[in-house]
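What follows is one structure encoded as structure tokens, with my remarks underneath.
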Amino acid sequence: MREERKGMLIVVSGAAGTGKGTICHELLTWDQTIRFSVSVTTRKPRPQEVEGVHYYFITEERYDELLAQDAFVEHATVHGHRYGTLKSEVDSLIENGFNVLLDIDSQGAKEVIRQRPDCVSIFILPPSYQALRDRLEKRNTEDPDEIERRMHNAYGEIALKHLYQYNVVNDDLDTAVNAVRAIVTAEKQRTTRYFPVVE
Ligand code: 5GP
């Protein structure tokens, strides 16, 4: 059957330690039509992180240049580091027919939702603040100060959960992943982005 599809922008946010990264990863391996939008950041790479895969790691000077060139769909300072979604990254993926996944914080999500109201927005929640703290401590990628900073930010992020079209609680990972897949599956069938041609 002949059909046409318009690519969609999927915005996923959630405080650090909610399992948002794992859920995004599951989504990307499950559906090859979804591509990750690689952001720029001024943060230093973590040991397993790869340039151009997880982020484009750039200097403060380069970030300022990109800002001056109006190169960002959105940008924000998160946990003291600067992050931005490149217009070029998102537009080239959409033009090539892909659905684009943005893993961004709620300041950035607010901006994307404003600019691109047809985007699909999903917020991942922890089952409790204690569970969030446990996960951050277990992950062992941040020092205690950084954990406190991330916990503090979590309260602010979670207060904005109503901005999103969908809220998903990650208590059990499989259940949360299934919920996100169901959202994406349904959103693909919207008449605004799916055009089947009946011969
Ligand atoms: P991390 O440094 O742990 O990779 O990410 C910290 C936070 O920054 C996460 O909440 C992540 O979603 C967010 N983030 C990553 N890239 C971007 C971006 O391009 N824009 C915004 N607004 N947030 C981002």
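Read the numbers this way: they start at 1 and go in the same order the structure lists the ligands and their atoms.
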Phe72 touching ligand 1 at heavy-atom level, < 4.0 angstrom: no

Heavy atom of Arg46, distance to ligand 1 below 4.0 Å: yes

Neighbour count above 12 (heavy atom, 6.0 Å) for Arg46 CZ: yes

Joint cluster assignment, Val12 & Tyr166, ILVMFWY side-chain distance < 4.5 Å: yes

Nitrogen or oxygen of Tyr83 less than 3.5 angstrom from that of ligand 1: yes

Heavy-atom side-chain contact between His75 and Thr85 under 4.5 Å: no

Donor + acceptor pair across side chains of Glu65, Gln69 (<3.5 Å): no

Atoms in ligand 1 with a heavy atom of Gly108 nearer than 4.0 Å: 22 (N)

Separation between CE of Met8 and NZ of Lys188, rounded to the nearest 0.5 Å: 6.0 Å

Among Glu3, Glu187, Glu4, Lys6, side-chain hydrogen bond (donor to acceptor under 3.5 Å, both in side chains) partner for Tyr194: Glu3

Test side-chain contact (heavy atoms from CB on, under 4.5 Å) applied to Asp105 and Tyr83, step by step: CA-CA 9 Å; Asp105 88 316; Tyr83 297 83; over 6 Å; no

Distance-only N or O hit between ligand 1 and Arg43, under 3.5 Å: yes

For atom 19 (O) of ligand 1, the protein heavy atom that lies nearest, with its residue and separation: Ser39 OG, 2.6 Å

Where ligand 1 meets Asp103 - atom numbers and elements under 4.0 angstrom, heavy-atom basis: 11 (C), 12 (O), 14 (N), 15 (C), 16 (N), 17 (C), 24 (C)

Non-hydrogen atom of Gly84 closer than 4.0 Å to ligand 1: yes

Top protein contact for atom 10 (O) of ligand 1, by heavy-atom distance: Lys20 NZ, 2.9 Å

hydrophobic_cluster_shared for Tyr55 and Leu86, side chain cutoff 4.5 Å: no

Parallel, tilted or perpendicular: ring planes of Tyr155 versus Tyr129, cut at 30 and 60 degrees: parallel

Check: His79 main-chain N/O paired with Arg149 side-chain donor or acceptor under 3.5 Å: yes

Taking atom 4 (O) of ligand 1 as the reference point, the nearest protein heavy atom with its distance: Tyr55 OH, 2.5 Å

Shared hydrophobic cluster, Val180 / Ile34 (ILVMFWY, side-chain heavy atoms < 4.5 Å): yes

Contact check, Gln107 vs ligand 1, heavy-atom distance below 4.0 Å: no

Those atoms of ligand 1 less than 4.0 Å from some heavy atom in Ala76: 22 (N)

Atom 7 (C) of ligand 1: nearest protein contact (heavy atom, Å): Val78 CG1, 3.7 Å

Sub-4.0 Å heavy-atom approach of His81 to ligand 1: no

Ligand 1 to Val40 polar contact by distance, N or O atoms, under 3.5 Å: no

Proximity flag Arg150 to ligand 1, non-hydrogen atoms under 4.0 Å: yes

Ligand 1 versus Glu74: contacting region, heavy-atom distance under 4.0 Å: side chain

Options Ile104, Asn153, Asp105, Leu102, ranked by nearest heavy atom to atom 18 (C) of ligand 1, top entry: Ile104

